[in-house]
Amino acid sequence: MTIKPPTPANGPFHDKRLPELRMLERLIRRGAPALRSRVLAEVEDKGRTLPVYALELGSPRREAPVLLLCGGVHGIERIGTQLVLAQLDTLLQRLRWDRSLQQLLQRVRIVLCPLLNPVGMARGWRCNGNGIDLMRNAPVNAEQPGPWPVCGHRLGRWLPWYRGEPETPMQTEALAICSLAEEQLATAPFTLALDCHSGFGMRDRIWFPYAGRRQLLEHAAELHALLRLFERSHPHHPYLFEPQHHHYRTHGDLWDYLYRRHLPRETQIFLPLTLEMGSWLWVKKNLRQLTSYTGLFNPLVPHRHQRTLRRHQLLLDFLLRAVDGWQNWLPAGAQRHHHQTGAERRWGTK
Ligand SMILES: [Zn+2]
C-alpha cells in the first residue's frame, strides 16, 4: 500500500484534504481484529467532527512493555503521520507470515497515535484548529527560554508557536495524547515513545528531554545505553542523538511534561524520543520547495518521499526490538555509572 498520491475516497471518511486519515481508517479496517482501535477524542473543523484515533497492536497485558508511536502533532508536518502509517502498514503485512514478529507481539504492545492534529493537517497549519501549537501547550515553563517567539508565547494566535491563554486547560488533542501515554505508563514497566516531526536542520535528529531546561534528564544513563546499543548494532546509522535544549528551549513541551510527571514512578522506565526529520536537506536538493509552506516540512519529490519512508524503518525496527529486550540492555550498578559518565561527556550542558 502506498501513501502517495492520494487515492479516491473509499472509506467512511471523505475529505480530499486528509488522505492520511483515509489511509488510517483503511488500515484500521484491514488490521482488525488484531489491530484494536478507538476514538481518543473528537475535534471540530468548520462544523464537522474529525476523530483522533488511538491504535494498539500486540500484547493486551497491562504489564507488557510499550512502544508508543505518534505523528501529526504539527499539522503541516504530514511526513510524520505518513511515516507512522507506513510502519503500521508494514507491521500488518508482516504479521501475516513473520513468526518472529508474531511472537514478539505476544510480549510487546505497540500503541499508535498517527494523527493527533487532524484539523491542523486538513488546513495545512502547524497549530491546531484553535491556533494553538500543541507542542507549546503543556503547563510547564522553560527555564531560560529562547529564542522568542519560537520558545512559545501568549501574545495571540496570529503568531505561530502560540501557547494559549494562561491557566486554561490543555487543548483537546494535547489532553488526548497525555491521557493515552499516562494510561500506558501507569502499568508498563518500560515505555519508549517516538514522536515524529520534521522541519529542523540538514540531518535527522533524535531529540529527548529536556526541551525546557539546560539539564540532562534523569535517565541519561539509560538513553546513553540505548544509543550505544544502536551504534553497535547499526554503526552506519544517520541520526544525531541529542537533548532538545542544545538547540532551543521551549515552554509547554508535552514530552517534558509527561516525563516529569512520570519521574516519581522510579521502578518504571519512560524514555520519550522525538524524531526530527531534517527537512532542510529536501529543500536544498529541490529549491522549488521553498515556494510552498508544505515544502519546508515535507519531501515533495516522489522518490525522495519514498526514500524518507524507507529510511527510518531500521530505526523503528530497532526500537521495537529494544523494547522487547529491554531487560537485556538496561544498565544497572557499575554499568549504569559508566553510561552516566558517557552521557555527561557526550551531552553535558552546553
Ligand atoms: Zn513538529
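Keep in mind it's a predicted model, so treat the numbers as computed, not measured. Side-chain atoms are counted along with the backbone in the values below, which use heavy atoms only and exclude waters and symmetry mates. Both counts, for ligands and for their atoms, begin at 1 and track the order of listing.
The N, O or S atom of His197 with the smallest distance to the Zn ion (ligand 1) is ND1. When the Zn ion (ligand 1) is compared with the N/O/S atoms of Glu77, atom OE1 turns out nearest. Checked against the Zn ion (ligand 1), the N, O or S atom of His74 at the shortest distance is ND1.
Electrostatic pairing of Asp317 and Arg321 counts as a salt bridge here, judged by a charged N lying under 4.0 Å from a carboxylate O.
Side chain of Asn128 to main chain of Asn130: a donor-acceptor pair is present (N/O by atom type, distance under 3.5 Å, no hydrogens or angles).
His197 and His74 have perpendicular rings, their planes meeting at more than 60° on a 0 to 90° scale where under 30° would count as parallel.
Summarising the local packing, CD of Glu266 is surrounded by 12 or fewer heavy atoms from other residues, nucleotides or ligands at distances under 6.0 Å.
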